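No experiment lies behind these values; they were computed from the predicted model shown. Sequential numbering from 1 along the given sequence is applied to the chain's residues.
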Amino acid sequence: MPRKGMRSLCFSPETPFFQGSVSPSSSVTSPASGFSESMIEQIIDTAAIIVAKWDGETSPYAKVTSMFYESKREAMHFIRSVNDLRKIMHFLVSGQDSGSENLIRAQRLMQIAMKRLQKEFYQILSMNRAHLDPESVSTRSSRTSTQSSLSDYDYDASPDYEFGAAKESISEVEEVSFMAMSDLKSIADCMIGSGYAKECVQIYNMIRKSIINEGIYKLGIEKVSSSKINKMEWDVLNLKIKDWLEAMKISMRTLFTGERILCDFVFSSSDSIRESCFSEITKEGAVLLFEFPEVVGKVKKSSPERIFRLLGMYTAVSDNWPEIETIFSFESISAVRSQALNSMARLSESVRLLLLDFESMIRKDSSKTTVPGGGIHPLTIYSMNYLTALGDYGNILTDIISDWPPPAISSLPEISFYSPVSNESPAAPISDRISRLILVLLCKLDSKAKYYKDVAVSYLFLANNLQYVISRIHKSNLHSLLSKEWITKHEVKVNQLATSYERFAWGNVLASLPANPTAPMKPAEAKECFRKFSISFEDAYWKQISCVVPNSMLRDQIKVSIGRKLVAVYQNFFDSHKSTIGDEKSITLFVRFYPEDVGNYLSDLFIRTLTSGGGSSPSSSS
């Protein structure tokens with residue numbers, strides 16, 4: 001939403017406003033020589049009539065009336081008369097007739113006319129502030145299309161600004177805006193051509209600079225020192241950054257763009273004047289706007305989370321860089337471009353430091369509290385939230401760290417299971433940085449797994465957390481920053497960890513059954529096997545019932561794997577030896593679990609937490 005005071009609408013780029021060529025005095029042929037005395041007197045007399053009519057010193061009517069507002073036709077007649085008067089003066093001076101009465105008379109008329117045009121110029125700028133605000137000028141226009149369209153309009157072909165079919169296709173406000181711009185250009189061309197450029201520029205700069213400064217003020221842009229920024233609470237600074245991002249958007253879309261369009265058009269007759277005017281009007285405000293990110297980038301104490309605000313500011317400047325180069329292309333305003341580049345450089349440096357801080361924060365995490373059931377560790381959730389958010393700035397981060405030296409292999413944690421060594425071709429710097437941060441996280445999780453008393457749960461903890469990392473990668477832009485080989489390798493590691501969990505959690509249960517479950521066995525041996533199986537299964541069940549596997553695919557994978565190994569073997573053993581131990585009563589005494597019971601208990605795993613009360617007791621329910 002545009003801020004209060006910034007108006008919307010103006011030219012529609014599809015509307016062909018102008019045809020022909022802009023030349024306020026194109027109806028007057030400028031002979032190189034050959035003015036007769038009578039022609040000279042006639043031109044001066046004609047100019048004298050209209051100049052006297054609009055002389056505010058002698059005419060009360062002219063003193064309170066705007067010529068351009070009252071009669072556009074007469075205003076253009078005034079401009080043509082002044083242009084003709086200028087030609088006569090040049091002719092007389094070139095003919096060494098500098099002391100002639102006609103030249104002296106023409107000079108007096110010219111002074112009066114210029115004073116009148118200064119007043120008209122000031123009135124048009126002042127009275128049309130709403131129609132010449134930068135947003136009105138720029139919203140539906142571009143600097144190039146507007147300049148070419150406006151410069152192609154033929155004043156003399158339509159002295160009363162009757163636009164014909166084009167007039168029907170633009171709004172009243174658009175028409176007023178265009179007419180004001182055209183009037184300003186007519187006056188500027190005339191005054192510059194008559195040697196009164198300084199007076200014209202002073203008026204223009206005074207009014208237009210006040211409009212730009214007002215816009216900058218309303219957008220909340222102000223001079224802020226590094227010391228003041230460092231003393232700010234984060235909530236206050238965060239709000240200022242949000243305001244700056246919005247101000248940046250409006251400034252580039254309307255404020256500076258609109259001013260460049262207007263300045264280029266009004267002073268199209270002089271490249272040096274339009275450059276000096278635009279520089280004088282916008283330089284101070286633009287430098288102030290682009291200075292803010294550099295100041296914020298110098299904040300000494302900053303938590304890793306603040307990187308996203310810095311990335312947002314870097315993105316705002318980077319995305320607008322083509323427009324910055326175009327709008328502030330003049331050499332006299334190169335300080336604006338330099339300031340924008342300085343801010344990007346400072347933000348890049350700060351982002352790099354915050355990435356190092358984030359890595360250091362993971363390394364220094366010293367919490368020893370285990371997550372119940374081998375679930376997802378808060379550090380994993382926090383780190384992946386952080387990294388997936390970074391993934392949204394992939395292109396920007398690529399720019400920022402493209403020339404950042406890659407991390408030294410020797411500085412990485414020495415955990416062979418998560419070794420970063422790969423035979424693939426060197427990855428992009430952004431991939432190296434992201435994979436490094438994930439490696440640091442995985443190694444920290446590996447150290448935290450050692451706090452579990454049950455080795456099986458420690459492996460489940462690692463499997464759960466690595467699976468969580470991979471899932472977040474797949475669901476974010478990180479998957480485009482990391483290679484397919486990297487992702488595939490770590491998916492294999494999840495399976496390896498899950499297999500290790502199965503071995504430590506259920507290995508004793510499988511070991512309680514004979515290697516050949518269908519081999520002949522004495523009744524006493526069969527009874528002992530059933531007894532050992534019941535004890536080991538119940539012990540394993542009670543240990544594992546509190547474990548959790550949040551990822552449904554991993555959960556089903558582990559259950560199926562355990563069931564395939566355990567239930568199938570036990571089913572064969574049960575079918576082969578239940579009759580060995582005696583009748584139905586004996587079976588009830590020595591066999592506590594039927595194969596279907598084992599399957600049911602296994603299906604109850606990994607979906608409960610310690611706070612949900614656990615599962616039912618195998619011994620009691622059997």
Nearest 0.5 angstrom please: [X] [atom1] to [Y] [atom2], how far?
| X | Y | atom1 | atom2 | answer |
| --- | --- | --- | --- | --- |
| I324 | I327 | CD1 | CD1 | 8.0 Å |
| D189 | I79 | CG | CD1 | 8.5 Å |
| I40 | L85 | CD1 | CG | 11.0 Å |

> Is R436 salt-bridged to D432, cutoff N-O under 4.0 Å?
Replying inline: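 Here R436 does not pair with D432 in a salt bridge, since their nearest N and O are not under 4.0 Å apart.
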> Quick one: do D264 and K185 make a salt bridge, cutoff under 4.0 Å?
Replying inline: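 Judged by the 4.0 Å cut-off on N to carboxylate O distance, D264 and K185 do not form a salt bridge.
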> Can you list every salt bridge (charged side-chain N to carboxylate O under 4.0 Å, His left out) pair that touches residues 230-241, not counting sequence neighbours?
Replying inline: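 Only E222-K240 qualify under salt bridge (charged side-chain N to carboxylate O under 4.0 Å, His left out).
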>> Does anything in residues 38-47 form a salt bridge (charged side-chain N to carboxylate O under 4.0 Å, His left out)? List the pairs, not counting sequence neighbours.
In response: D45-R105
Please identify each residue that fulfils salt bridge (charged side-chain N to carboxylate O under 4.0 Å, His left out) with [X], with sequence neighbours left out.
| X | value |
| --- | --- |
| E120 | R116 |
| R346 | E349 |
| K115 | E57 |
| E284 | K209 |

Heavy atoms only: give me the nearest [X]-[Y] pair and the separation to one decimal.
| X | Y | result |
| --- | --- | --- |
| V296 | L237 | CG2-CD1, 4.2 Å |
| N83 | C190 | OD1-SG, 3.6 Å |
| I124 | A180 | CG2-O, 3.9 Å |
| I333 | S279 | CD1-CA, 3.8 Å |
| P293 | L289 | CD-O, 3.7 Å |
| N230 | V299 | OD1-CA, 3.4 Å |

Do [X] and [Y] come close enough that some side-chain heavy atom pair is under 4.5 Å?
| X | Y | value |
| --- | --- | --- |
| Q202 | N205 | no |
| K53 | S59 | no |
| M114 | S194 | yes |
| R337 | E331 | yes |
| T257 | R260 | no |
| H77 | T46 | yes |
| W234 | I241 | yes |
| I250 | E246 | yes |

Closer than 3.5 angstrom, by distance alone: can the side chain of [X] be matched with the main-chain N or O of [Y] as a donor-acceptor pair?
| X | Y | answer |
| --- | --- | --- |
| R208 | L125 | no |
| S343 | A340 | no |
| S431 | L481 | yes |
| K119 | K63 | yes |
| S476 | T388 | no |
| W404 | I430 | no |
| S251 | M248 | no |
| E294 | M344 | no |
| S348 | I400 | no |

> Is there a donor in the side chain of N128 and an acceptor in the side chain of Q123, or the other way round, less than 3.5 Å apart?
Replying inline: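 There is no such pair (donor and acceptor under 3.5 Å, judged by atom type) between the side chains of N128 and Q123.
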> What's the verdict on side chain to side chain contact (heavy atoms under 4.5 Å, CB included) for F265 and I261, showing C-alpha distance, side-chain angles and the deciding distance?
Replying inline: CA-CA 6 Å; F265 177 62; I261 291 170; 5.6 Å; no
>> For V266 and L262: C-alpha separation, side-chain torsions, deciding distance, then whether side chain to side chain contact (heavy atoms under 4.5 Å, CB included) applies.
In response: CA-CA 6 Å; V266 172; L262 182 62; 3.9 Å; yes
Under the ring pair (Phe, Tyr, Trp, His ring centres under 6.0 Å) test, residues paired with [X] that sit two or more places apart:
| X | value |
| --- | --- |
| F308 | Y386 |
| Y393 | none |
| F278 | F328 |
| Y204 | F267 |

>> Determine whether I307 and F358 satisfy the following criterion, side chain to side chain contact (heavy atoms under 4.5 Å, CB included), listing intermediate values before the conclusion.
In response: CA-CA 10 Å; I307 192 173; F358 174 66; over 6 Å; no
>> Strictly by side chain to side chain donor-acceptor pair (under 3.5 Å), give each pair with a member in residues 314-323 just once, sequence neighbours left out.
In response: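 Listed by first then second residue: W321-E325.
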>> As a quick check of understanding, evaluate side chain to side chain contact (heavy atoms under 4.5 Å, CB included) for Q111 and Y196, giving each step before the final call.
In response: CA-CA 10 Å; Q111 290 174 351; Y196 282 76; 3.6 Å; yes
>> Test side-chain hydrogen bond (donor to acceptor under 3.5 Å, both in side chains) on T282 and E259; report intermediate values, then the result.
In response: CA-CA 8 Å; T282 62; E259 191 57 42; over 6 Å; no
>> Does N385 have more than 12 heavy atoms from other residues, nucleotides or ligands lying within 6.0 Å of its CG?
In response: yes
> Which residue pairs pass the ring-ring contact (aromatic ring centres under 6.0 Å, His included) test when at least one of the two sits in residues 37-61, sequence neighbours left out?
Replying inline: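 Output for this query lists W54-Y61.
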